Amino acid sequence: MKKKLLTLFLATIILLGNISCQRGTRSLLGDYSYKISGEVTITSDNGEVTHLMVNKRGQMNILRDHISDGHVTITLNESTGGAYYCSALVKGDSLIVEPHSFSTNIITGENINPLEEDHSYVFSIAASGKGVHNGEIILIEEQWSGTQSSNDAQRLEGGKMLLLAEKNE
C-alpha cells in the first residue's frame, strides 16, 4: 500500500510540475502590438555614422513550437509590409531569441549629425537576443549586424535594439 501511495504521490508531483512549466509558455502565446527602436551605426567608405532608427511598428504573434517543449515561434509583421519569424526558448519569465536573419528597410531618424539628411536603406540583418515577459508585456534586447542589400561595403551594427510588445485584448 505504501508503494502505491508513494508512486501516486510522485506521479502527482511530476504532473503538477509539467503543468506549471507549460503555464508560463501558454500565458505568452497570442497576438501583440510591437515597437522596435534603437541606435544603429552605419559604416561605409566615408566613415562611421550613428543614427537613431525610426521606430518600427507592427503585429507580433507567438505560437507554440511543436518540435520542442519550451520553444515558441515568433512572427513579426511590420506595418510597412515586411514580415519575418524567429524561434525563442522560454525559461520561466525569460526568453532567449535564437539567431535569425531577415531583410528590413532602415529609416534613419534623428541623425547624430543634424546637418545630414535622413535616409532609407535596405539591410540584410542577422540578429539574436534575450528578453523578459510577464504574459502581457514583452521586452527583448537584440543585437543586429548586417550589410546593405545593394552595397556590401556598407555595414550596420545595432547593439541594443529594443523590442517592446503589449498583448492585444
Side-chain angles (χ1 to χ4, degrees), residues 24-25 28-134 137-167:
T25 302
L28 186 64
L29 302 177
D31 300 326
Y32 295 78
S33 296
Y34 78 90
K35 171 179 96 165
I36 300 175
S37 60
E39 193 174 89
V40 294
T41 301
I42 298 176
T43 307
S44 67
D45 295 337
N46 298 332
E48 191 174 276
V49 180
T50 301
H51 301 274
L52 294 177
M53 184 181 76
V54 173
N55 292 336
K56 295 184 151 304
R57 299 174 188 274
Q59 293 298 307
M60 179 172 84
N61 308 88
I62 299 182
L63 310 165
R64 181 181 311 277
D65 186 339
H66 293 288
I67 296 172
S68 174
D69 282 339
H71 278 82
V72 294
T73 299
I74 301 172
T75 63
L76 294 122
N77 299 296
E78 294 178 8
S79 59
T80 57
Y84 62 96
Y85 72 96
C86 59
S87 293
L89 176 62
V90 180
K91 288 186 174 183
D93 64 351
S94 297
L95 287 166
I96 300 168
V97 180
E98 296 176 355
H100 58 284
S101 59
F102 59 96
S103 289
T104 190
N105 189 22
I106 301 287
I107 300 170
T108 56
E110 284 192 33
N111 192 311
I112 299 301
N113 179 354
L115 299 176
E116 290 187 26
E117 63 185 64
D118 298 339
H119 295 282
S120 176
Y121 306 98
V122 176
F123 279 90
S124 296
I125 305 290
S128 64
K130 58 186 174 184
V132 293
H133 72 90
N134 70 5
I137 302 287
I138 298 173
L139 179 64
I140 298 174
E141 182 179 315
E142 288 190 316
Q143 291 72 44
W144 288 8
S145 64
T147 57
Q148 188 182 4
S149 298
S150 63
N151 180 2
D152 285 344
Q154 197 162 33
R155 302 210 33 86
L156 173 135
E157 293 295 325
K160 289 186 176 182
M161 306 305 294
L162 295 176
L163 181 148
L164 176 64
E166 184 176 5
K167 200 166 202 175

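What's counted below: heavy atoms across the whole structure, side chains too, no hydrogens, waters or symmetry copies. None of the values given here were measured: they were computed from a predicted structure.
With 3.5 Å as the limit, one finds a donor-acceptor pair spanning the side chains of Gln59 and Ser33.
With contacts defined as side-chain heavy-atom distances shorter than 4.5 Å, the pair Tyr34/Ile140 does not qualify. Contact check for Thr43 versus Glu157: no side-chain heavy atoms found under the 4.5 Å cut-off. Annotation: side chain of Gln148 is not in contact with side chain of Leu156 (no heavy-atom distance under 4.5 Å). Counting heavy atoms from C-beta outward, Leu95 and Leu28 have side chains that approach closer than 4.5 Å. Using a 4.5 Å cut-off on side-chain heavy atoms (C-beta onward), Asn61 and Asn77 make contact. Using a 4.5 Å heavy-atom cutoff, the side chains of Val132 and Ile137 are not in contact. Between Val90 and His133 the shortest side-chain heavy-atom distance falls below 4.5 Å. Using a 4.5 Å cut-off on side-chain heavy atoms (C-beta onward), Glu142 and His100 make contact.
Within the model, atoms NZ of Lys35 and OG of Ser79 stand 12.5 Å from one another, a figure rounded to the nearest 0.5 Å. Note that CD1 of Ile74 is 8.0 Å distant from OG of Ser87, once rounded to the nearest 0.5 Å. Considering CD1 of Ile96 and NE2 of His71, their distance stands at 8.5 Å, rounded to 0.5 Å. Expressed to the nearest 0.5 Å, how far NE2 of His51 lies from CD1 of Ile106 amounts to 10.5 Å. Summarising the geometry, atom CG belonging to Leu163 is positioned 4.5 Å from atom CD1 belonging to Ile36; distances are rounded to the nearest 0.5 Å. Note that the OG atom of Ser37 and the NZ atom of Lys160 stand 12.5 Å from one another [nearest 0.5 Å].
Pairing each heavy atom of Leu29 with each of Lys167, the nearest pair is O-NZ, 3.0 Å. When all heavy atoms are compared, the tightest approach of Thr73 to Tyr85 is CG2-CD1, 4.2 Å. The heavy-atom pair separating Ser124 from Ser103 by the smallest distance is OG-OG, 3.6 Å. Across every non-hydrogen atom of Met161 and Glu39, the tightest pair is SD-O, 3.9 Å.
Taking Tyr32 as the reference, nothing meets the ring-ring contact (aromatic ring centres under 6.0 Å, His included) condition, with sequence neighbours excluded.
Listed by first and then second residue, the salt bridge (Lys or Arg N to Asp or Glu O under 4.0 Å) pairs that reach into residues 84-102 come to none, sequence neighbours excluded. Residue pairs meeting the salt bridge (Lys or Arg N to Asp or Glu O under 4.0 Å) criterion with at least one partner in residues 44-56, sequence neighbours excluded, are Lys56-Glu78.
The aromatic rings of Tyr84 and Phe102 sit parallel, their planes meeting at an angle under 30°, below the 60° perpendicular limit.
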